[in-house]
Structure formats: structure tokens, C-alpha cells
Amino acid sequence: MGLFGRNRNGGILDVIRCDEPSYLIWKWHPMGVKLGETNRENAIRWGSSLRVKDGEVAVFVYNQKNGVYQDFIEGPFDEKLKTANLPILSGLIGLFFEKDTPFQAEVYFINLANVIQIKFAIPFFEIYDNNYPEFGVPVAVRGTVSFKIQDYRRFISLHRLINFSLEDFKNQINDTVKRYVKNHVANAPTQYNISVIQIERALGEINKLVEIELKERLFDDFGVVVTGVDIGAIEIDKTSDGYSELLHITREITTVLREAETADSIERMRIDREEGQYSQRMKTKSENIGAYGLEKQAEVGIKGAEALGKMGENGVGNVNLGDNAGFNPMAMMTGIALGGVVGNNLAGTMNHALHGSLNQGNNPPPIPTATYFVAENGKAIGPFDIETLTQMAMAGRVTKDTLVWTKGMNDWAKAGTVGELNDVFSAVPPSL
């Protein structure tokens, strides 16, 4: 039958379809005839074929005295027109005999699959730094926005299809996009608290916010869905006076900050070095404390041995009752006690040193015992364990009035008031 056919009554039947390769809105008219040259484009006959591809929708628009009405047929569709296809039309004009009776309608095809891309360019305009508002810096913005029609009913409610011009529509979208992009770029220094000369660093965030806002605005105002916004570049006029002034200020601030950071770094290095040296000294002291204690205990033993020798010279232990020195029992007890202290100290020290060097790391540490410092001649000596203090008490070097101190005590106290030392004095015989 070709594009046009004749029914049995001689009427012309049309094939209504869109063969445009790229379009957004297209008004149907018979092939080979320019739009508006014949009224057949608005006088559709029953029995004509309608072909709507996938991703298209055909809109039949009826202009009646009491309003404008539409029937929508979504693709894919390939059938002859009849009352079942156009329910709105059937309700408007009543009963049909489904022959070749013409009806008045304009047919528009809307492309739901086509994505329209618009490039936009905003010429140089001045933006101002949040901290230095007296210096304006010119910037220009370039990018693209992509959109398509998704809700065709909303789109039709916002636009007159008969007067629709894709170029005019693109211009309207372009103006709207540039207005919102310009507003976001101008507010970026304040919003992101950055310098104007660093605004390119915020390009990603600006792009994201612009896309969110444009999706809402273009759908509300134009009935299209934004599929993407790409701000390709924010160009700064680096020859402008404002840019030069801000760059100079920024460099000065950067220099000051760098000097401050350097000084702070040097100070931190000094502190770290001193702390390291102190830590090393403490470690050395800790490692040598055993040797130091051994040395001091040996000195005590030597002093004790010397004291024993002198006690002999002074007549300690002389049983000749006629001798001038005579028998000195207290001196004898002192010698015995002191010898015991020295002997115990030396034996314990040597034993600890010997076994500690042989078995270090193989045996558990010794059970801690209480030790006390003793105040003697205005100096603190010790610490001594309970056994040593007992021997010193027997020798008369420690009495109940002697001041003692151990870890955990707030201050020095008399030995007789410390409960833990009661057994020390219980071993001391009463005086004669």
C-alpha cells in the first residue's frame, strides 16, 4: 500500500510514524509534504497505521471548544487506529463506526530515549575572597549539562507542543544552567572557606552541588531529567590585579607559617633529643644499680671488718680481770652483732651476685621483703631488711626512738611506733 493507501470508499489512509534520526519533539506530517502545507496532518482517518518505536510516545492532541485533550500511545506500537486505541477521543466525539471517518488531531512524537547535551560557557565575572573582600578576581566557567524527557505528561503540561522549538528550549536551559553555576562558583570561597586562588581545588564539590540543584530546578521548571553535569574548568584570570594582590598576600602568609612550623619542628627535635638522653641515662643507671649496690655493700663489710679489728685493740674479749681494760660484755655483744651484720651482708651479696649471674633468667625473682631506711647522724642509711634491723637493734644502733622510713610511709616515724618492727625489739635483751 506504500505510505498512503486508499480504502474501499476512496479515502486516503496514512502511515503515522517518525523517521527523524535525532529529535526531542517532532510534529507528524505526511512524508514529502512540508509542515503546514496541507491540512491532512491535522485530519487523521480511522484505519491509518500508527508506528511508535521503543523509547517514543505518540501524543494525539485534540483542540475542542471546551479545552485541549491528549491521548498517549507508548512504543513499541504498530497497529491501525481504532476507538480502542484512543479512549479520550472516543469519549469526546461519541459513537464511531470505525470506517474512514476523519477526526481532527495533531500528532506529536516525543523522544524518551534521546539524551540532549548542551555546552555552556560563562564569561569572566569577579568573585571575592572571604578574608580579603576588597580584591575581586575574574573567573570563567565552562562545562556541559545533559538531560532527557522522562515524565512526558509533566513535560507537556509545561510546554505548548505546537510552538515547541528545540533551539529555543536549549537556550532556556542554557541560561538557567549558567545562572546556577555562576551563583555556586561565586559563593564557593565562603562556603568552603578557601582562597579564591585555590578555587579550582573545590571543583568537584561545586560540580556535585550544582548537579543536585539543577536536577531539581530543571525538572520543576522544564519537566526534564538531568542525567549529568560536568563543569570542565574554572579558569582564573591570573593577569588581573586582584589575583596578583591575593597571590602576594598568600605567599607572605605561607612564608610566616613555614617559618613557624620550622621553629616548632626544631623545638620538638630538641625535646625529643633531651628525652632520649634522659631515658638512656635512666636505663644505664637501672642496668648498673646491681653493681652499685654490690660495691656499697662491700664497703660496709670492709668498714665492719675494720671495726672488729679496732674492737680488739680496745680490749674487747680480754678476760684478764686485772687488766685495765677488763672484760667489756657490751663491746663483745656489739662486735658479735656487727660481725653478724657484716657477715650476712657479705654472704648474701656474694651469694646473690654469684647465683644471679649463673641463673639469671632461669629462676623466678626473689620474694620481696620489707626494707627500711634508718636515720643515723642526720643521714639516711639503708635500706635494711627486718633481720638486719634486728641485729642492729641488738647492737644498740637502732632503738625504738630511731627514725625509720619505708616506701608507702608519708614521713619518718619512730621505729617503736611501726607495728611491723615490734619483733625487732622483742629480741633485744633488757638492759642490766
Side-chain angles (χ1 to χ4, degrees), residues 115-148 158 167-271:
V115 176
I116 303 298
Q117 188 177 79
I118 298 176
K119 295 184 179 296
F120 62 87
I122 305 174
F124 283 103
F125 64 98
E126 287 193 342
I127 61 175
Y128 296 87
D129 195 284
N130 188 37
N131 298 315
Y132 306 98
E134 63 272 23
F135 302 119
V137 179
V139 299
V141 187
R142 299 189 309 275
T144 58
V145 60
S146 304
F147 63 89
K148 68 176 184 177
L158 295 173
E167 288 305 314
D168 292 342
F169 185 67
K170 286 183 177 181
N171 290 335
Q172 294 174 24
I173 295 288
N174 198 310
D175 291 341
T176 302
V177 170
K178 289 193 292 187
R179 183 169 68 252
Y180 284 107
V181 171
K182 183 177 180 179
N183 181 63
H184 274 286
V185 172
N187 292 327
T190 300
Q191 184 171 2
Y192 301 108
N193 193 28
I194 58 175
S195 171
V196 171
I197 62 178
Q198 298 175 329
I199 194 170
E200 291 171 307
R201 297 182 181 180
L203 179 58
E205 288 298 322
I206 295 173
N207 197 107
K208 186 186 302 183
L209 292 179
V210 167
E211 183 169 341
I212 292 173
E213 187 163 6
L214 284 179
K215 282 183 176 180
E216 179 180 352
R217 296 300 181 184
L218 294 190
F219 181 76
D220 291 343
D221 297 344
F222 299 97
V224 296
V225 174
V226 173
T227 59
V229 175
D230 180 21
I231 300 177
I234 299 177
E235 182 182 350
I236 303 175
D237 183 2
K238 297 182 179 181
T239 63
S240 64
D241 293 338
Y243 177 84
S244 299
E245 292 289 345
L246 283 178
L247 185 62
H248 178 70
I249 293 173
T250 302
R251 285 176 175 171
E252 287 185 344
I253 294 175
T254 301
T255 301
V256 172
L257 290 176
R258 189 171 298 162
E259 291 175 351
E261 290 175 354
T262 301
D264 182 63
S265 177
I266 293 174
E267 179 63 16
R268 286 199 303 270
M269 290 173 62
R270 183 189 65 79
I271 294 174

Student: Look up atom CZ in Phe135 and atom NE2 in His248, then write down how far apart they are to the nearest 0.5 Å.
Tutor: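 Between Phe135 CZ and His248 NE2, I get 9.5 Å after rounding to 0.5 Å.
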Student: Side chains of Thr190 and Tyr128: does their closest heavy-atom pair fall under 4.5 Å?
Tutor: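 In short, these two side chains do not touch, never coming nearer than 4.5 Å.
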Student: Could you give the distance from CZ (Arg217) to CD1 (Ile173), rounded to the nearest 0.5 Å?
Tutor: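 Reported to 0.5 Å precision, the distance equals 13.5 Å.
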Student: Say you draw a straight line from CG of Leu218 to CD of Gln172; how long is it, rounded to the nearest 0.5 Å?
Tutor: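 Rounded to the nearest 0.5 Å, the CG-CD separation comes out at 11.0 Å.
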Student: To the closest 0.5 Å, what do you measure between OH (Tyr192) and CD1 (Ile199)?
Tutor: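 The OH atom of Tyr192 sits 9.5 Å away from the CD1 atom of Ile199.
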Student: Report yes if some heavy atom in the side chain of Val225 is under 4.5 Å from a heavy atom in the side chain of Phe147; otherwise report no.
Tutor: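 Val225 vs Phe147: side chains apart.
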Student: For the residue pair Tyr243 and Ile197, establish whether any side-chain heavy-atom pair is separated by less than 4.5 Å.
Tutor: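 The answer is yes, as the side chains (C-beta and beyond) meet within the 4.5 Å cut-off.
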Student: Work out which heavy atom in Ala186 is nearest to a heavy atom in Phe125; give both atom names and the distance.
Tutor: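 Where Ala186 meets Phe125 most closely, the heavy atoms are CB-CE1, 4.3 Å.
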Student: Using a 4.5 Å cut-off on heavy atoms from C-beta on, say whether the side chain of Ile116 contacts that of Phe169.
Tutor: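 Heavy-atom side-chain distance check fails, nothing below 4.5 Å.
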Student: Looking at every non-hydrogen atom in both residues, tell me the closest pair between Pro123 and Ala140 and how far apart they are.
Tutor: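 So the two residues come closest at C-CB, 4.1 Å.
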Student: Should Val181 and Ile231 count as side-chain neighbours, where that means a heavy-atom distance under 4.5 Å?
Tutor: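 They are in side-chain contact.
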Student: So, Asp129 side chain and Val196 main chain: donor-acceptor pair closer than 3.5 Å or not?
Tutor: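 Pair found, side chain donor or acceptor close to backbone of Val196.
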Student: Between Asp237 and Val137, is there a donor-acceptor pair closer than 3.5 Å when you use the side chain of the first and the backbone of the second?
Tutor: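 No, because the side chain of Asp237 does not come within donor-acceptor range (under 3.5 Å) of the backbone of Val137.
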Student: Can you confirm whether Gln191 sits close enough to Glu205 that some side-chain heavy atom of one is under 4.5 Å from a side-chain heavy atom of the other?
Tutor: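 When only atoms from C-beta onward are counted, Glu205 and Gln191 do not touch, as no gap falls below 4.5 Å.
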Student: Please say whether more than 12 non-hydrogen atoms of neighbouring residues, nucleotides or ligands are located less than 6.0 Å from NZ in Lys182.
Tutor: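 Not buried by this count: 12 neighbours or fewer within 6.0 Å.
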Student: Heavy atoms only: give me the nearest Ile194-Ala202 pair and the separation to one decimal.
Tutor: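 Between these two residues, the closest heavy atoms are CD1-CB, 3.7 Å.
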Student: Without swapping roles, check the side chain of Ser146 against the backbone of Thr227 for a donor-acceptor pair under 3.5 Å.
Tutor: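 No; judged by distance alone, with no hydrogens or angles, the pair does not exist.
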Student: Are a donor atom and an acceptor atom from the side chains of Glu134 and Tyr132 found within less than 3.5 Å of each other?
Tutor: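 Note: Glu134 and Tyr132 side chains miss the donor-acceptor criterion.
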Student: Start with the C-alpha distance between Val185 and Ile234, add both sets of side-chain angles, then the distance that settles side chain to side chain contact (heavy atoms under 4.5 Å, CB included), and finish with yes or no.
Tutor: CA-CA 9 Å; Val185 172; Ile234 299 177; 4.2 Å; yes
Student: Is there a donor-acceptor pair closer than 3.5 Å between any side-chain N or O of Asn174 and the backbone N or O of Lys170?
Tutor: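 Checking the backbone N and O of Lys170 against the side chain of Asn174, no donor-acceptor pair under 3.5 Å is found.
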Student: Is the CZ atom of Arg201 crowded by more than 12 outside heavy atoms at less than 6.0 Å?
Tutor: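 Atom CZ in Arg201 is not packed in, count stays at 12 or less.
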Student: Measure the CG-CD distance between Asp230 and Gln117 for me, rounded to the nearest 0.5 Å.
Tutor: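 Answer rounded to 0.5 Å: 8.5 Å.
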Student: Look up atom CD1 in Ile127 and atom CG in Asn187, then write down how far apart they are to the nearest 0.5 Å.
Tutor: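 Reported value, rounded in 0.5 Å steps: 9.5 Å.
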Student: Just checking Asp241: does its CG atom have more than 12 heavy atoms from other residues, nucleotides or ligands closer to it than 6.0 angstrom?
Tutor: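 Not buried by this count: 12 neighbours or fewer within 6.0 Å.
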Student: Are any non-hydrogen side-chain atoms of Thr176 and Tyr180 less than 4.5 angstrom apart?
Tutor: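 Yes, at least one pair of side-chain atoms sits under 4.5 Å.
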Student: Looking only at heavy atoms, what is the nearest atom pair of Gly228 and Glu211, with distance?
Tutor: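 Scanning both residues completely, I find the closest heavy atoms to be CA-OE2, 4.1 Å.
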Student: Report yes or no: does Asn207 contribute a side-chain atom to a donor-acceptor pair with the main-chain N or O of Val229 at less than 3.5 Å?
Tutor: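 It does hold such a pair.
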